[in-house]
There are 2 protein chains.
Amino acid sequence: MRISTLGYALLTLLAREPLSGYDLAQRMKRPLGFFWQAQHSQIYPELADLEEQGCILHQVVMQEDRPPKKLYTITGAGRTILQAWVTQPPAPPPQRNELLLKTYAIWLADQALAVDLFRTQEQLHAERLALYEQIQANIERTSGGRPRSHEPRFGDYATVRMGVAYEREYVAWCRWMVEQLQQALES
Amino acid sequence: MRISTLGYALLTLLAREPLSGYDLAQRMKRPLGFFWQAQHSQIYPELADLEEQGCILHQVVMQEDRPPKKLYTITGAGRTILQAWVTQPPAPPPQRNELLLKTYAIWLADQALAVDLFRTQEQLHAERLALYEQIQANIERTSGGRPRSHEPRFGDYATVRMGVAYEREYVAWCRWMVEQLQQALES
DNA sequence: GATGACATGTAATCAGTTACATGATTAG
DNA sequence: CTAATCATGTAACTGATTACATGTCATC
């Protein structure tokens, strides 16, 4: 009877437009995948669940050039439930960061290998940052400045803004780590 | 035969000092809990596993004023395995942030309730930030400036530094969210 | 005698990933 | 005919949380 966070994630997407399970799986890679992922194996059963609870409905749509699909639509009840959930404070998320775990033990490591590790991480996060900045610029361009908070696009903009801030700090921290580790190599 | 991330987390702690399962559970709350948590129900079986694989050893220690405990010590083999793991690039972690999910759907919400949500989040992260800054100051004070990368304390310092940067950005983003939402209320 | 910190375990459940399984349709 | 995309499902496994379970010792 309870809706899982994944359930709300699917409702969040369906509140914007009707989609098939396959479509939802695509969107759970991107853009939602930046902060909430799910495989299709988790999505299909969840859709059955949501439908049983009356949050969504589906109709089979025949297509000419592709196999038929089930198109899911959010119901009024689903929208109401989603709306109530949106402003409920989320439970503090369990933080799990393996790189920080490794950082905690970095004193044990070969310092040259440690430098490599953080250089690689810096690059990965710099790439992520570039991607987010591009998405952000894209939104600003296509919606004529910043979207307002009552439009769906505001969600895209606000989340990517967080992504940019996060990745910027991550890159800066990796650089600082490299500096610290190199000081040890020099002496 | 494979060691889980939790296993490495425990080795990371045992590389600093011998500890009991109970002690480890405490440290998995803090300081490690800031980036990797585990309950005692997960720790005890994992310790048995690590011992079976020869990474750790235990001896029962009788105490006068407390019940007896199993004191675990890292072995040479354990230390070698840990050392190799530390500089291996971690798999990209699955990002899951329920607040960003809600943010993505915030256009559906009552704007006044949305403001409350982000004000509350701002406060939570401001508290976290204050805690991290205090820990950071504490390390700087007790180790006479910044620890160097070959000392265990460097791990404490480097991780808390990331925590400070992260929470600062989080607070700033929450404030920005409140601003955006309030603009909608005013008009 | 009750509460709380110390101490160690197991069992049940849940969320999520990986693997298994099938089939339509299009483009090369 | 083969590979890629579209499309939908189930099964097995893993990591983690919550609940169950027991017992010591000190303090109030």
Side-chain angles (χ1 to χ4, degrees), chain A residues 1-10 13 18-30 32-33 35-52 56 58-72 90-98 101, chain B residues 1-10 13 18-30 32-33 35-52 56 58-72 90-98 101:
Chain A
M1 276 290 112
R2 201 189 119 266
I3 296 170
S4 68
T5 308
L6 171 61
Y8 287 112
L10 298 177
L13 288 167
L19 294 164
S20 69
Y22 187 84
D23 295 332
L24 285 162
Q26 300 302 112
R27 290 191 178 46
M28 288 306 290
K29 281 184 197 135
R30 194 189 157 143
L32 238 67
F35 44 89
W36 205 277
Q37 322 75 44
Q39 309 304 316
H40 74 270
S41 61
Q42 210 185 346
I43 293 167
Y44 288 113
E46 189 64 39
L47 284 171
D49 243 55
L50 287 172
E51 190 158 35
E52 209 186 335
I56 56 175
H58 85 268
Q59 50 181 328
V60 177
V61 175
M62 301 309 287
Q63 299 177 107
E64 276 178 18
D65 49 347
R66 287 176 205 179
K69 63 178 178 182
K70 294 187 186 174
L71 198 66
Y72 287 90
Q95 295 292 340
R96 285 213 165 77
N97 186 326
E98 197 176 332
L101 198 52
Chain B
M1 275 290 113
R2 201 190 118 266
I3 296 170
S4 68
T5 309
L6 171 61
Y8 287 112
L10 298 177
L13 288 167
L19 295 164
S20 68
Y22 187 85
D23 296 332
L24 285 162
Q26 300 302 112
R27 291 189 178 47
M28 289 305 291
K29 281 184 199 137
R30 193 189 158 143
L32 238 68
F35 43 90
W36 204 275
Q37 322 76 41
Q39 309 303 316
H40 74 271
S41 61
Q42 211 184 347
I43 292 169
Y44 288 112
E46 189 63 39
L47 284 170
D49 242 55
L50 287 171
E51 189 158 35
E52 211 187 333
I56 57 174
H58 85 268
Q59 50 182 327
V60 177
V61 175
M62 302 308 286
Q63 300 176 108
E64 275 178 18
D65 49 348
R66 287 175 205 180
K69 64 177 175 181
K70 294 187 185 176
L71 197 66
Y72 286 91
Q95 295 292 340
R96 284 213 167 77
N97 187 325
E98 196 175 333
L101 198 52

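Residue numbering restarts at 1 for every chain, and letters A, B, ... go by the order of the sequence lines.
Distance D65(A) CG to dA27(C) P: 8 Å, rounded to the nearest Å. Following rounding to the nearest Å, K70(A) (NZ) and dC6(D) (P) show an atom-to-atom distance of 19 Å. Rounded to an integer number of Å, the gap from CG of L19(B) to C1' of dC6(C) is 15 Å. Atom-to-atom, NZ of K69(A) to C1' of dT22(C) comes out at 20 Å; the value is rounded to the nearest Å. Distance, E64(B) CD to dA5(C) P: 22 Å, rounded to whole Å. Atom OH of Y44(B) is separated from atom P of dT8(C) by 4 Å (rounded to the nearest Å). Distance CH2 (W36(A)) to C1' (dT17(C)): 15 Å, rounded to an integer number of Å. Per the geometry, CE belonging to M62(A) stands 13 Å off C1' belonging to dG23(C), to the nearest Å.
F35(B) CZ to Q95(A) CD: the interatomic distance, rounded to the nearest 0.5 Å, is 11.5 Å. Atom OG1 of residue T5(B) and atom CG of residue L101(A) lie 7.5 Å apart, to the nearest 0.5 angstrom. Within the model, atoms CD of Q26(B) and CG of L19(B) stand 10.5 Å from one another, a figure rounded to the nearest 0.5 Å.
When all heavy atoms of I43(B) and A38(B) are compared, the closest pair comes out as CD1-O, 3.9 Å.
At most 12 heavy atoms of other shown residues, nucleotides or ligands fall within 6.0 angstrom of atom CD in E52(A).
With the nearest nucleotide of DNA chain C identified for both Q42(B) and D23(B), D23(B) has the one nearer the 5' end.
The side chain of R2(B) has dG15(D) as its nearest neighbour among dG15(D), dT8(C), dT17(C). The side chain of P67(B) approaches dC25(D) more closely than any other nucleotide in the set dT8(D), dC25(D), dC6(D). With dT10(C), dG16(C), dG9(D) as the candidates, the nucleotide lying closest to the side chain of P45(B) is dT10(C).
In terms of phosphate contacts, Q26(B) brings no side-chain nitrogen or oxygen within less than 4.0 Å of OP1 or OP2 of dA5(C). Side-chain nitrogen and oxygen atoms of R66(A) include none within less than 4.0 Å of the OP1 or OP2 phosphate oxygen of dT8(D). Within the 4.0 Å cut-off from OP1 or OP2 of dT8(C), not a single side-chain nitrogen or oxygen of Y22(B) is found. Residue Q63(A) places no side-chain N or O under 4.0 Å from the OP1 or OP2 atom of dA24(C). The shortest distance between the side-chain N/O atoms of R96(B) and the OP1/OP2 oxygens of dG16(C) is below 4.0 Å.
Evaluation of atom-type donor-acceptor distances gives a pair under 3.5 Å for the side chain of S41(A) against the base of dT18(C).
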